[in-house]
**Q** 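This is the structure, below, for whatever I ask next.
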Amino acid sequence: MPLGVLLPMVVLGIMGLALLIRVLRPTPPLRFSSPEVARNIWDRRNPDDPACDVQLDAAESAALITTRTGAGLLWSMGADPVARRFQSRCVCVETRTGLVVKTGDFTAPKIRLVLPDRDVRRRWCQILEGQ
Amino acid sequence: MTPHYPDVVNMAVPGFVALIVIELVWIKLKGRGGRYELRDALTSLLLGAGNVAAGILLGFVTVTFLYTLWQYRLFDLGYSVWVLLLCFVLDDLRYYWVHRLGHRVRWVWASHVNHHSSQHYNLTTALRQTWTGTFTLMMLLRVPLVLLGFHPAMILFSGGMNLIYQFWIHTEVISRMPRWFEAVMNTPSHHRVHHGRNPRYLDSNYAGVFIVWDKLFGTFVPEDSAEPVEYGLVKNLGTFNPLRVAFHEWIGLFSDVLQPGLTLRQRLAYALAPPGWSHDGSRMTSDMLKACDGSLKAAEPQHAGGS
Ligand SMILES: [Zn+2]
Ligand SMILES: [Zn+2]
């Protein structure tokens, strides 16, 4: 197939579908309505290392999980959850409204957390950085 | 004379787009039958576009290889419809083994993993295709077909038709097809199982078009309504960046192979053993996950009785 046909077809197809999904919004973004909801998701994904303590961020889109072996984060990626345990490899950068966690993990490089309270922010940071 | 086979996959693009629109609208109207999220779908579509681009840039490698090999064919089966049908069936058997290796050998999984990297299962997931297939050298599994006398153009056409067939099965809109169809063909139900991260669904239903290969080689697992499929990877990705999705397993593979202090055997195993293999036992393969899940389930009734 000539590139002059294929290229516009692919580009217009992607743009059109993206626009339609944006307008229709068939699936809402994932929010953790309570710490228990976050705990259940974490425990199902990490049966060998269940959550001891769960704290939600202000947007209810991420949870700080403390387990027997350390700390981890559960956060929403669009409509779905992603969970990671950290072994003191991550670095927290404070922003005006929260934290950006740089994980050093190629498959989950940056996690944004909404934590308007400065003390809470510092505490999360300490736990995540393993101090 | 060699007949001309059309470039079916690229020609099917408008059909793919139209069916995605229909699925999207159906889900919105009915409120069931699957989920769509903008960034997830966009990642799938961009990976699909990247696959087309990779075909344009690297497709010549496979084509040159097959046409070179054609000089050494043992037979010439010609171009009749019957030969084409036979070619399609045998190429589907070839697909089964490429796909099975794609889940059991990390070198091939590094390429195939991105097809499984979405936690959604809709028609856009079908387009989440690899950019690095050429580097897996899986074109070697086409050697027997060429030597048997199936023309390379016919083999590539069959492969294209196979890929097109697999598009429509990436949906939750269709629950089950008629029983005779489910018995012979790959269907949305069978392929949903293949995309599951539930331990009991891992490494099953590798079929392209005919599910009979899984039944024949012992890898068939039916969808169980008591255990809904959770889609995605054992360790799901925390990024929508198509470049990270396309290359993450290659980067993981090479950083494992090149780490200091390993024997040659261990380095080879990081590239060729099943995904999840590790020299220190710090990770889980699908076999280990299945065994773990099996013993957990076996312990459950006792546990419930004791509490
Ligand atoms: Zn697969
Ligand atoms: Zn698939």
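Keep in mind it's a predicted model, so treat the numbers as computed, not measured. What's counted below: heavy atoms across the whole structure, side chains too, no hydrogens, waters or symmetry copies. Letters A, B, ... mirror the listed sequences (proteins, then strands); counts begin at 1.
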**Q** Is L6(A) in contact with chain B via its backbone, its side chain, both, or neither, using a 4.5 Å heavy-atom distance?
**A** side chain

**Q** With a 4.5 angstrom heavy-atom cut-off, could you sort out which part of F16(B) is near chain A: side chain, backbone, both or neither?
**A**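 The answer is neither part of F16(B).
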
**Q** Given that the side chain runs from C-beta out, which part of E230(B) has a heavy atom under 4.5 Å from chain A: side chain, backbone, both or neither?
**A**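 Just its side chain gets close to chain A.
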
**Q** Examine whether an atom of R25(A) lies under 4.5 Å from a heavy atom of chain B, and if so say whether it belongs to the side chain, the backbone or both; otherwise answer neither.
**A** backbone

**Q** Of V8(B), V9(B), D7(B), which is the lone residue that meets side-chain contact (heavy atoms from CB on, under 4.5 Å) with M1(A)?
**A** D7(B)

**Q** Counting heavy-atom pairs under 4.5 Å with chain B, which one of V10(A), V11(A), L20(A), L17(A) comes out on top?
**A** L17(A)

**Q** Is it the backbone or the side chain of P28(A) that comes under 4.5 Å from a heavy atom of chain B, or both, or neither?
**A**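 Interface part for P28(A): neither.
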
**Q** E37(B), R244(B), R35(B): which one forms the most heavy-atom pairs within less than 4.5 Å of chain A?
**A** R244(B)

**Q** What part of N236(B) is in contact with chain A, defined as an atom under 4.5 angstrom from a non-hydrogen atom: side chain, backbone, both or neither?
**A**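 Its backbone and side chain both get close to chain A.
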
**Q** Which bit of L38(B) is near chain A, if near means a heavy-atom gap under 4.5 Å: side chain, backbone, both or neither?
**A**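 Looking at L38(B), backbone and side chain both touch chain A.
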
**Q** Of the non-hydrogen atoms in K28(B) and L24(A), which two are nearest, and what is the gap between them?
**A** NZ-O, 2.8 Å

**Q** Hey, what do you get for CD1 (I21(A)) to CZ (R39(B)), rounding to the nearest 0.5 Å?
**A** 13.0 Å

**Q** Would you please go through residues 113-128 of chain B and name the residues with a non-hydrogen atom below 4.5 Å from one of chain A, in numerical order?
**A** Q119(B), H120(B)

**Q** If you count heavy-atom pairs within less than 4.5 Å of chain A, which of V52(B), V21(B), N241(B), I56(B) leads?
**A**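 Maximum pair count with chain A is reached by V21(B).
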
**Q** Please identify, among N10(B), L42(B), V25(B), V17(B), the residue contributing the most non-hydrogen atom pairs under 4.5 Å to chain A.
**A**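 The candidate making the most pairs under 4.5 Å is N10(B).
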
**Q** Testing the basics here: between K235(B) and D105(A), what is the closest heavy-atom pair and its distance to 0.1 Å?
**A**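 Here K235(B) and D105(A) meet closest at NZ-OD2, 4.1 Å.
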
**Q** Where does L3(A) contact chain B at under 4.5 Å (heavy atoms): side chain, backbone, both or neither?
**A**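 Only the side chain of L3(A) comes within 4.5 Å of chain B.
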
**Q** Using only atom types and a distance under 3.5 Å, with no angle test, would you say the side chain of T27(A) pairs donor to acceptor with the backbone of Y36(B)?
**A**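 Such a contact is found between T27(A) side chain and Y36(B) backbone.
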
**Q** Heavy atoms only, distances under 4.5 angstrom: which of R22(A), K110(A), R45(A) has the most pairs with chain B? Name it, please.
**A**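 Highest number of heavy-atom pairs under 4.5 Å: R45(A).
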
